[in-house]
Amino acid sequence: MAKEWLSTAGFATLAIREGLTPGSEQEHSDPIYATSSFIFESAEQAAATFSGEREGHTYSRFSNPTVSVFERRLAALEGGEECVATSSGMAAILTLCLTVLKAGDHVVCSRDVFGSTVGLFNNVLSKLDISVTFVALRELEEWERAARTNTKLFFCETPSNPLCEVGNIRRIAEVAHSVGALLAVDNCFCTPALQRPLELGADVVMHSATKYLDGQGRVLGGALVGTHSLMTDVRAFVRVCGPSMSPFNAWIFSKGLETLQLRMNAHSERAQALAEWLEKHPAVVNVNYCGLVSHPDHSLAATQQSAFGGVLSFEVAGFRSQAWKFINGVRLMSLTANLGDVKTTICHPASTTHGRLSDEQKRAAGITEGLIRIAVGLEDGADLQRDCERGFAAMGL
Ligand SMILES: *Cc1c(COP(=O)(O)O)cnc(C)c1O
């Protein structure tokens, strides 16, 4: 089918129409190619496909038509040349690092990244003689000072979890490029529906598709998006090392992308309303949500994001026991550290996601004992407020 519409298509159209398997126009919903390998018409054709002379699939660790749909669609939404899907978000980060780094290289990474990302740099890449310096996301001078002659990669996650701090992608990219390093942005919290880091100067976008790209908490997956040249190297790594995405998961993610923009806007609207409501509550000391005018990064967030996302955190007075009473008092929200789901989730970062940090590290990261994180889902806003009232009541308020 000719695709004249593609060159002018908007985000929502691309999210629904881009990437469909050529020749599958009979099925209105794209099929799942549940096959490990592909067959050929002749020895000549097999040889040409394996050598890369002829385009085509050979084995699903290398590529699969259902996975290709997701890759083409996400690349279009991020405004990137090409995407490579992986088995999880962590597999995407590992793949990126082992593609662009070698022994002796150095990485600069924002401090408040996902916990396993810190673990990957500190415990795994360190064994390969790849070192990392962690810096404060918002302090450009720290990024500048941390860079060395062997720095090959800058890595950041914005907005940060759980304080919703925002890094200036354009400026961090300038610092990275001035020392010849690449900038990779973990775009899990915003997704391309709200923020497109490549347009702001980043070289690679990384995703845990497990979160908002699925959106309903069903399957694990990850992705990298960047130039054709970089993704060729990334694909070569996935091909020989095997962190490939399963076709079933890719099908889920392609379906997820179809409703991504609607969902992200709805998550953002509900989070904004809940943040504004919590900010007025007498038991709340502070609300961290970059959609609030009171948030120190509000104006920067408003320039590089089209909305502020679904994750907020707030602090109650009275330390851990009061925060735990609130969390034990809610009935609707799910008590889990996961996020990016239609179901609202709640957690106590100081004793879960950030539980392994020392007291000093927690203080430095702003993770107080009274801090509660809510990843706002898509239930009715009034029900979420009522659930918070149950939490406050359990605190004796
Ligand atoms: C969950 C998450 C990851 C890791 O993704 P997995 O799919 O769980 O491997 C990385 N970054 C962020 C911001 C995440 O929330």
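Read the numbers this way: they start at 1 and go in the same order the structure lists the ligands and their atoms. All values reported here derive from a predicted model rather than from experimental measurement.
Interface of Phe189 with ligand 1, defined as ligand atoms under 4.0 Å from a residue heavy atom, comprises 13 (C). Ligand-side atoms of ligand 1 in range of Glu157: 13 (C), range being under 4.0 angstrom from any heavy atom. Close approach of ligand 1 to Cys188 is summarised as follows: ligand atoms under 4.0 Å from at least one heavy atom of the residue are 12 (C), 13 (C), 14 (C), 15 (O). Atoms of ligand 1 lying under 4.0 Å from any heavy atom of Gly221, numbered from 1 in the order shown and given with element: 7 (O).
Classification of Arg270 and Glu379 as a salt-bridged pair fails, no side-chain N sitting under 4.0 Å from a carboxylate O. Taking the charged nitrogens against the carboxylate oxygens, Glu258 and Arg17 have no contact shorter than 4.0 Å, which rules out a salt bridge. Using a 4.0 Å cut-off between charged side-chain N and carboxylate O, Arg72 and Glu82 make no salt bridge. Between Arg331 and Asp387 there is no salt bridge, since no side-chain nitrogen of the basic residue lies less than 4.0 Å from a carboxylate oxygen of the acidic one.
Across Glu142, Arg145, His106, a single residue satisfies side-chain hydrogen bond (donor to acceptor under 3.5 Å, both in side chains) together with Thr133, and that is His106.
Considering both main-chain and side-chain atoms, Thr210 comes within under 3.5 Å of ligand 1 through a nitrogen or oxygen pair. In terms of polar-atom proximity, Asp186 is counted as a contact of ligand 1, with an N or O under 3.5 Å from an N or O of the ligand. Geometrically, ligand 1 and Ile93 share no nitrogen or oxygen pair separated by less than 3.5 Å. For a threshold of 3.5 Å applied to N or O pairs, the pair formed by Gly89 and ligand 1 contains at least one separation below that value.
Using the six-membered ring where Trp is involved, Phe121 and Phe155 have ring planes that are perpendicular, over 60° apart on the 30 and 60° scheme.
Side-chain polar atoms of Thr49 and Arg54 form a donor-acceptor pair below 3.5 angstrom. Side-chain polar atoms of Asp233 and Thr99 form no donor-acceptor pair below 3.5 angstrom.
At the top of the distance list for atom 14 (C) of ligand 1, counting protein heavy atoms only, stands Lys211 NZ, 2.8 Å. Ranking the protein heavy atoms by distance from atom 8 (O) of ligand 1 puts Ser208 OG, 4.1 Å first. Nearest non-hydrogen protein atom to atom 4 (C) of ligand 1 is Phe114 CE2, 3.3 Å. Here the protein heavy atom with the shortest distance to atom 9 (O) of ligand 1 is Met90 N, 2.9 Å.
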